[in-house]
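Chain identifiers are assigned alphabetically (A, B, ...) following the order of the sequence lines, protein sequences preceding nucleic acid strands; residue numbering begins at 1 within each chain. Keep in mind that what you see is a predicted model, and the values were worked out from it rather than measured.
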Protein chains: 2
Amino acid sequence: MQEPSGRPVTIAQVARDAGVSIPTVSRVLNGSAPVAEETRRRVDASIERLGYHPNPMARGLSRGLSDVVLVILPNITQPSVNLRLAGLISVLRETPYELTLVDLEHPDSERKRHLADIVARHHAAATVIISLPPSTADTLQLLRQAAPVVLVDVRSDAFPGDGIDDIAGGMIATRHLLGLGHRRIGFVGDAEDRFIGNPASANRRHGYEQVLFDAGIDIRPDDIALAPHGMDTAKAAALDLLDRSDRPTAVFAASDVQAFGVMDAARSLGLDVPGDVSVVGFDDIVTARLVGLTTVRQHLEVSGVRAGLRLLELLGQPLPFEMPEFPELELVTRSTTASPGDAHPIRSMAAALTGAAASEKEVSTAFDPAFGRDERIPRRK
Amino acid sequence: MQEPSGRPVTIAQVARDAGVSIPTVSRVLNGSAPVAEETRRRVDASIERLGYHPNPMARGLSRGLSDVVLVILPNITQPSVNLRLAGLISVLRETPYELTLVDLEHPDSERKRHLADIVARHHAAATVIISLPPSTADTLQLLRQAAPVVLVDVRSDAFPGDGIDDIAGGMIATRHLLGLGHRRIGFVGDAEDRFIGNPASANRRHGYEQVLFDAGIDIRPDDIALAPHGMDTAKAAALDLLDRSDRPTAVFAASDVQAFGVMDAARSLGLDVPGDVSVVGFDDIVTARLVGLTTVRQHLEVSGVRAGLRLLELLGQPLPFEMPEFPELELVTRSTTASPGDAHPIRSMAAALTGAAASEKEVSTAFDPAFGRDERIPRRK
DNA sequence: TTGTATGCGTTATCAA
DNA sequence: TTGATAACGCATACAA
């Protein structure tokens, strides 16, 4: 406890204090070679008394590899991203690795575009990239470096990581609405970024379009509204969609956050949900249950956990626990969807109000019962 | 682009490639000394061609200080914590500092208790501690080390950082309910952790108790329910509170997340909010608006921004922008509170349903108009 | 079982 | 304006 104020204690000070050489201290620190019991005790005592902690930079330099895992993500306040990160953290917590966080926030901005450069700059032991698809150039450069890369929420032939089948997810949501009898179904999703954008929203839309096409339903161009990701931007987009006499009777939003924006828009227009408009989201974030949102559930935290475990495998580290299965998408039916005929304002108000209560008995089905298992669903491996 | 596969390029390789000495490369890298224009160009070309990036560990070792800012927080999925962190990130993004994240997740667990040890282990340039009050022992140890420490959401004489006046916040919320005519007001907050717990919940409760005391109202012990922080735990606690015939007519929750739990509990009991129970939260997180929650707004992101700027000051770095004021607490009145007499189920359902719409015209007042500015409010400086 | 010597990649202090 | 040379704190090969 007599730690000299100011600069940190070094291994040399410990060695001097214990009356041994530096490598001996290093040996008791790392157990890299046998040390006499008596010596070890003296060293341990000095370490304790001086309050010594090895300098990670020196250690990393000497060993030729750092103990940091670099995590790059688009925006930590986005609930889906946040949950994936939480899953990853829960794994790394059980390991000697540190976590360095890079939040791009505006991944589309010019100077932040080069994932590979960010990775190169950090000299980390490994990198996890969440919800950001590397460009071709990034991929080539990332493959050339030695440190492993794991992707979350993105599919790639170049790197390990699991992405969900967004197309199938879009189909699940749309089939649900179709099964309820809706024929005019709108879509609210991400404005596409040609360069670095996550294709999830676009793929969910493809699923939506496919199902409507198969059902022989034409999609009106103005039933699709795109905006940068976020609740307020989605609300604005949804206003375009809903503030018309010939509005759709249902909306599929590419994420729960955007579904919230749609609900907000509906309410500000005096439209009842689901009386006047049904809304389906995607993700099943924590607050979805609170507002009774019907949504397609994906297991966000598990994706982070699996990424962490994959990383440890690649680093040759023992896994703190077994790799969990990656659960399939499933529809969670709550109270923001109903048949278009069921427009009993008061009753549906009551239903929405008790939405959270209803969620306790909520039904989860991978596919809408009205359709059952459908073999035509294209399962991308 | 011909970067040799495998290990990263070193400064030595660049020097050889450019036909200069290592220190010369270092000079063009850091501009630490004049370099001939012609030489500089050759070096820059080599750097570009080899894809060289300085090794941060070596750089840190040599300079005697790292470029990482250590951030310690209790749980990144907690919306308030998440937003504070986002504010901090937005500042650090404009600087050369990296961010290393330590998420304690269960700060009460034995082995994770010693903030000072975590700090010592990392040898960071500076540390930010979010929503975790250092113990006395931690404080002493943290003061002894050279790297600056900034707190967020915690007040301390030892370290800079701003915490809000939680007692006043609790008073604002309780006065609002009192002004509506409630006389039986419950409280749902954090179960207290004697060692490392954040005192925010307890202080908000003190404000609540003070206001009721001043109003001559006795608080029944079973009108106060405490549970570990979280929506589900708060729901369970609220069930104890509300599943009685003599339940309170209003509940003040120590955070929005807990208010959500209370609302969930009310709904699962078939109670209308605000018809049967009014609910007030604390924080005004993003989703509060969505569900129309009346709450005490604090500016979470600003707290992170200010912490980041304080840090830069302490590190002698230029500030990327001016230090924003720290806004005062304010009551945001939405649709989860009403007078206890106003129990018109259908009407209040409709009100709740259109809560988000109502939020567009929401009234923000620092104090309930019924009370006006109250000089008796103890302002802890 | 322990100590000596060397190297990790970079910056800083000198001379030249 | 540039190049030797010596740190920075630690780990490892080798010798004792």
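- Taking the side chain to side chain donor-acceptor pair (under 3.5 Å) definition, one finds that Ser32(B) meets it with nothing, sequence neighbours left out.
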Side-chain donor-acceptor contacts of residues 312-325 of chain A below 3.5 Å, not counting sequence neighbours, with atom names and distances?
residue   : atom : partner  : partner atom : Å
Gln317(A) : NE2  : Tyr97(A) : OH           : 3.4

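- Partners of Arg16(B) by salt bridge (charged side-chain N to carboxylate O under 4.0 Å, His left out), not counting sequence neighbours: none found.
- The residue among Gly64(B) and Arg40(B) whose nearest nucleotide of DNA chain D lies closer to the 5′ end is Arg40(B).
- Atom pair Arg16(B):CZ and dG9(C):C1' shows a separation of 13 Å (rounding to whole Å applied).
- Not counting sequence neighbours, the partners of Asp153(A) by the salt bridge (charged side-chain N to carboxylate O under 4.0 Å, His left out) test are Arg84(A).
- Contacts of Leu99(A) classified as side chain to side chain contact (heavy atoms under 4.5 Å, CB included), with partners at least two apart in sequence or in another chain: Val71(A), Leu85(A), Ile89(A), Leu92(A), Leu101(A), Leu101(B).
- Under the salt bridge (charged side-chain N to carboxylate O under 4.0 Å, His left out) criterion, Glu38(B) pairs with Arg42(B), sequence neighbours left out.
- Rounded to whole angstrom, the span from the CG atom of Leu50(B) across to the P atom of dG9(C) amounts to 15 Å.
- Looking only at atom types and distance, the side chain of Thr24(A) has a donor-acceptor partner in the side chain of Ser21(A) under 3.5 Å away.
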Taking distance alone, no hydrogens or angles, what donor-acceptor pairs closer than 3.5 Å link side-chain atoms of residues 50-62 of chain B to residues at least two apart or in another chain?
residue  : atom : partner  : partner atom : Å
Asn55(B) : OD1  : Met57(B) : N            : 2.7
Asn55(B) : OD1  : Ala58(B) : N            : 3.3
Arg59(B) : NH1  : Asn30(B) : OD1          : 3.1

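- Of all nucleotides in DNA chain D having an atom under 4.0 Å from a heavy atom of chain B, the first and last in 5' to 3' order are dT1(D) to dG9(D).
- When the salt bridge (charged side-chain N to carboxylate O under 4.0 Å, His left out) test is applied to Asp44(A), no partner is found at least two apart in sequence or on another chain.
- One atom, CD1 of Ile47(B), and another, C1' of dG9(C), lie 14 Å apart when rounded to the nearest Å.
- Within the 4.5 Å cutoff, no side-chain heavy atoms of Val150(A) are placed close to those of Phe159(A).
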Any N/O pairs under 3.5 Å between the protein and nucleotides 12-16 of chain C? List them or say none.
none

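- Applying the side chain to side chain donor-acceptor pair (under 3.5 Å) criterion to Asp17(B), with sequence neighbours excluded, gives Ser46(B), Arg49(B).
- When heavy atoms are screened at a 4.0 angstrom cut-off, Thr10(B) is found touching the sugar-phosphate backbone but no base atom.
- Rounded to an integer number of Å, the gap from Met57(B) CE to dT10(C) P is 10 Å.
- Comparing the end axes of the helix from dT1(C)-dA16(D) to dA16(C)-dT1(D), each fitted to five base pairs by superposing C1' atoms of four pairs onto the next four, gives an inter-axis angle of 40° (nearest 10 degrees).
- The interatomic distance linking Asn55(B) (CG) with dG9(C) (C1') rounds to 6 Å, in whole Å.
- When heavy atoms are screened at a 4.0 angstrom cut-off, Val20(A) is found touching the sugar-phosphate backbone but no base atom.
- Rounded to whole Å, the distance from CZ on Arg121(A) to P on dG9(C) is 20 Å.
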